[in-house]
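Inspection log for the structure reproduced underneath, given as structure tokens.
So that the names make sense, note that chain A is the first sequence line, chain B the second, and so on, each numbered from 1. Keep in mind that this is a model prediction, so the values were computed, not measured.
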Number of protein chains: 2
Amino acid sequence: MAATPPRHLSPRKRPRQARSAATLEVIFEATVQVLLAEGIHRLTTTRVAERAGVSVGTMYQYFPHKQALLYALNERYLDVLAVRIEKACEGEHGAPLARMIEALVSAYWDAKTERSDVTRALYRSAVELDNATLIEAFAARMDRATSAMLATAPDAAFDDLTLVNTTLLAVIFGTVRNVFERGLPEPLESGLRRQLVTMCLEYLKAVRRPVA
Amino acid sequence: MAATPPRHLSPRKRPRQARSAATLEVIFEATVQVLLAEGIHRLTTTRVAERAGVSVGTMYQYFPHKQALLYALNERYLDVLAVRIEKACEGEHGAPLARMIEALVSAYWDAKTERSDVTRALYRSAVELDNATLIEAFAARMDRATSAMLATAPDAAFDDLTLVNTTLLAVIFGTVRNVFERGLPEPLESGLRRQLVTMCLEYLKAVRRPVA
DNA sequence: ACCTGAACACCGTTCAAGT
DNA sequence: ACCTGAACACCGTTCAAGT
């Protein structure tokens, strides 16, 4: 993640040695396990430490408090997600609009679907903390990836690319989240996915400046 | 709210007497105040009780646990929101599509904007609890209100009204939430609102069955 | 230098004792 | 019948004592 997180949420020390990096990894894994097995309200520092096989004191060497642990976990998850979407966007540079939108929606939708248990758990863990910085950094990365892609579309150009791009991202990310939070029954869910693609394309057709 | 909440989340007793109803109201008000003044992580039963001028024991007569209090608070908020949107929809029965969409987006957007501090605080409070039931009940009410409205549009009819309607709601609600969570700078925010309306209308134009 | 875990302050929840 | 608040179990966090 590009933006530096608020100081009070960053890890206490960077893992300089292999052992430290390993410990950090173990703590993260333990956190996800406890999150999935017991839920957010039973995620305690004691339980995570126990599962990770370290003492609470050790955990507090890596994270100044529980929120910092959850913050770092979300940071990692968003980084993986961002990389996936950036790659999907780069893969469609120069492609027609329809393929771009299909690729973007697919990449995001599929990422959420594949590990919907983790996704949902992280959504829940994220709200307890001040994640505005995290969300903003993620949004900025996505903005860059998709506007770079849209600028290469052979079949359209836009007067206000920033506005169009921000709209697309807000609509796609917002809709996907809404669908997964509701947990729609299956025929509806995949129907909605196609409608979302249609909607974005109709919008782009309406606001584009026709290319000679 | 129509659906009965999970038993473990419902208030312990219904307020049968005027005094009880007043106490309940005082507790709710105190909760919102603490939420806004101190934040979700400092919202403790002791603090709420103190602010409300009752003892913790009394609070536990009305709510079996803290989650039930937050659940009830969200329930009330969603009810107010639902009533507003239902009225907005009823007011546009028989109107052209463009007016319907404008009214729907306005009603939801404005409700979120007016008290964005409370909205945001409640978003945060909601995630700690099992609010699936609440969300589903709200979504069902909205489904009814907007599909009833859309069915009366003089300038369009739809082959699959359920799919179209579910799509519209997911897109509008999801997008608005996304915009408010990001906190976009002002020219972008109101620009995005107009784009959202455009987008919905272009979508509806594309999927409608032309009326004779 | 790094790890440990008892100790502390505070939280959610209960229930014996009051009125 | 209803309210109170000390008491209990548990949580986040610290830091003296260990290695």
Side-chain angles (χ1 to χ4, degrees), chain A residues 7-28 30-31 34-35 37-73 124-125 127-130, chain B residues 6-28 30-31 34-35 37-73 124-130:
Chain A
R7 171 174 302 283
H8 66 101
L9 284 177
S10 50
R12 250 187 193 152
K13 62 177 183 186
R14 306 260 144 212
R16 300 199 175 277
Q17 287 150 261
R19 165 167 310 229
S20 292
T23 307
L24 213 51
E25 192 53 44
V26 164
I27 293 175
F28 279 132
T31 309
V34 173
L35 208 46
E38 314 242 17
I40 179 70
H41 61 288
R42 302 207 68 197
L43 182 99
T44 69
T45 50
T46 326
R47 251 186 278 267
V48 171
E50 196 179 12
R51 193 112 177 188
V54 298
S55 79
V56 250
T58 302
M59 267 190 52
Y60 275 82
Q61 276 203 282
Y62 292 93
F63 303 99
H65 43 247
K66 192 181 156 185
Q67 289 212 352
L69 171 61
L70 293 176
Y71 188 94
L73 197 66
R124 287 175 170 252
S125 79
V127 181
E128 274 185 69
L129 48 90
D130 173 28
Chain B
R7 172 173 302 282
H8 66 100
L9 285 177
S10 48
R12 253 188 191 151
K13 62 177 185 186
R14 306 260 145 213
R16 298 198 176 278
Q17 286 149 261
R19 165 167 309 227
S20 293
T23 306
L24 213 53
E25 192 54 44
V26 164
I27 294 175
F28 279 132
T31 309
V34 173
L35 209 47
E38 315 243 17
I40 178 71
H41 61 286
R42 303 207 68 201
L43 183 98
T44 68
T45 50
T46 326
R47 252 186 277 268
V48 171
E50 196 178 11
R51 193 109 175 191
V54 298
S55 80
V56 250
T58 302
M59 267 189 52
Y60 275 82
Q61 277 202 281
Y62 292 92
F63 304 99
H65 43 248
K66 193 181 155 184
Q67 290 212 351
L69 171 62
L70 294 175
Y71 189 94
L73 198 65
R124 289 177 168 249
S125 79
V127 181
E128 275 185 68
L129 50 88
D130 172 29

Original post:
Counting just side-chain N and O atoms, does B:Arg42 come under 4.0 Å of either OP1 or OP2 of C:dC10?
Top reply: no

Are any of the side-chain heavy atoms of [X] and [Y] separated by less than 4.5 Å?
{"X": "A:Leu43", "Y": "A:Lys66", "result": "yes"}
{"X": "B:Phe63", "Y": "B:Leu70", "result": "no"}
{"X": "B:Leu69", "Y": "B:Tyr62", "result": "no"}

Original post:
If you measure from the P atom in C:dT13 to the same atom in D:dC2, how many Å do you get, rounded?
Top reply: 22 Å

Original post:
Between C:dG18 and C:dT14, how far is it from one C1' atom to the other, in whole Å?
Top reply: 16 Å

**OP:** Pick base, sugar-phosphate or nothing for B:Thr45, based on heavy-atom distances below 4.0 Å to the nucleic acid.
**Re:** base

Subject >> Test side-chain contact (heavy atoms from CB on, under 4.5 Å) applied to A:Ser55 - qualifying residues, sequence neighbours left out >> reply: A:Thr58

Distances under 3.5 Å between nitrogen or oxygen atoms of protein and nucleotides 17-19 of chain C:
none

Check the distance between [N]'s [atom2] and [X]'s [atom1] and give it to me in whole angstrom.
{"X": "B:Lys66", "N": "D:dC10", "atom1": "NZ", "atom2": "P", "answer": "18 Å"}
{"X": "B:Leu43", "N": "C:dG12", "atom1": "CG", "atom2": "C1'", "answer": "12 Å"}
{"X": "B:His65", "N": "C:dC11", "atom1": "NE2", "atom2": "C1'", "answer": "16 Å"}
{"X": "A:Ile40", "N": "D:dC11", "atom1": "CD1", "atom2": "P", "answer": "13 Å"}
{"X": "B:Tyr60", "N": "D:dA7", "atom1": "OH", "atom2": "P", "answer": "18 Å"}
{"X": "B:Arg47", "N": "C:dC11", "atom1": "CZ", "atom2": "P", "answer": "5 Å"}
{"X": "B:Leu69", "N": "C:dG12", "atom1": "CG", "atom2": "C1'", "answer": "12 Å"}
{"X": "A:His41", "N": "D:dG12", "atom1": "NE2", "atom2": "C1'", "answer": "17 Å"}

Original post:
Among all residues two or more places apart in sequence or in another chain, which pass the side-chain hydrogen bond (donor to acceptor under 3.5 Å, both in side chains) test with A:Glu50?
Top reply: none

**OP:** Not counting sequence neighbours, which residues clear side-chain hydrogen bond (donor to acceptor under 3.5 Å, both in side chains) with B:Glu38? List them please.
**Re:** B:Arg42

Original post:
What distance do B:His41 atom NE2 and B:Leu35 atom CG have between them, rounded to the nearest 0.5 Å?
Top reply: 11.0 Å

**OP:** Could you tell me the separation between the CE atom of B:Met59 and the CG atom of B:Leu24, rounded to the nearest 0.5 Å?
**Re:** 10.5 Å

Subject >> Which nucleotides of DNA chain D pair, in dot-bracket form (Watson-Crick or G-U under 3.5 Å, | meaning another strand) >> reply: ||.|||||...|||||.||

Original post:
Which of these nucleotides, C:dC3, D:dC3, C:dT13, is closest to any side-chain atom of B:Tyr62?
Top reply: D:dC3

**OP:** Provide the closest heavy-atom pair for A:Ala30 versus A:Val48 in the form atom of the first, atom of the second, distance.
**Re:** CB-O, 3.7 Å

**OP:** Could you pull out the closest heavy-atom pair between A:Ala52 and A:Val26, with the gap in Å?
**Re:** O-CG1, 3.2 Å

Short N/O separations, protein against nucleotides 4-6 of chain C, under 3.5 angstrom:
| unit_1 | atom_1 | unit_2 | atom_2 | d |
| --- | --- | --- | --- | --- |
| C:dT4 | OP2 | A:Ser55 | N | 3.2 |
| C:dT4 | OP2 | A:Ser55 | OG | 3.1 |
| C:dT4 | OP2 | A:Thr58 | OG1 | 2.5 |

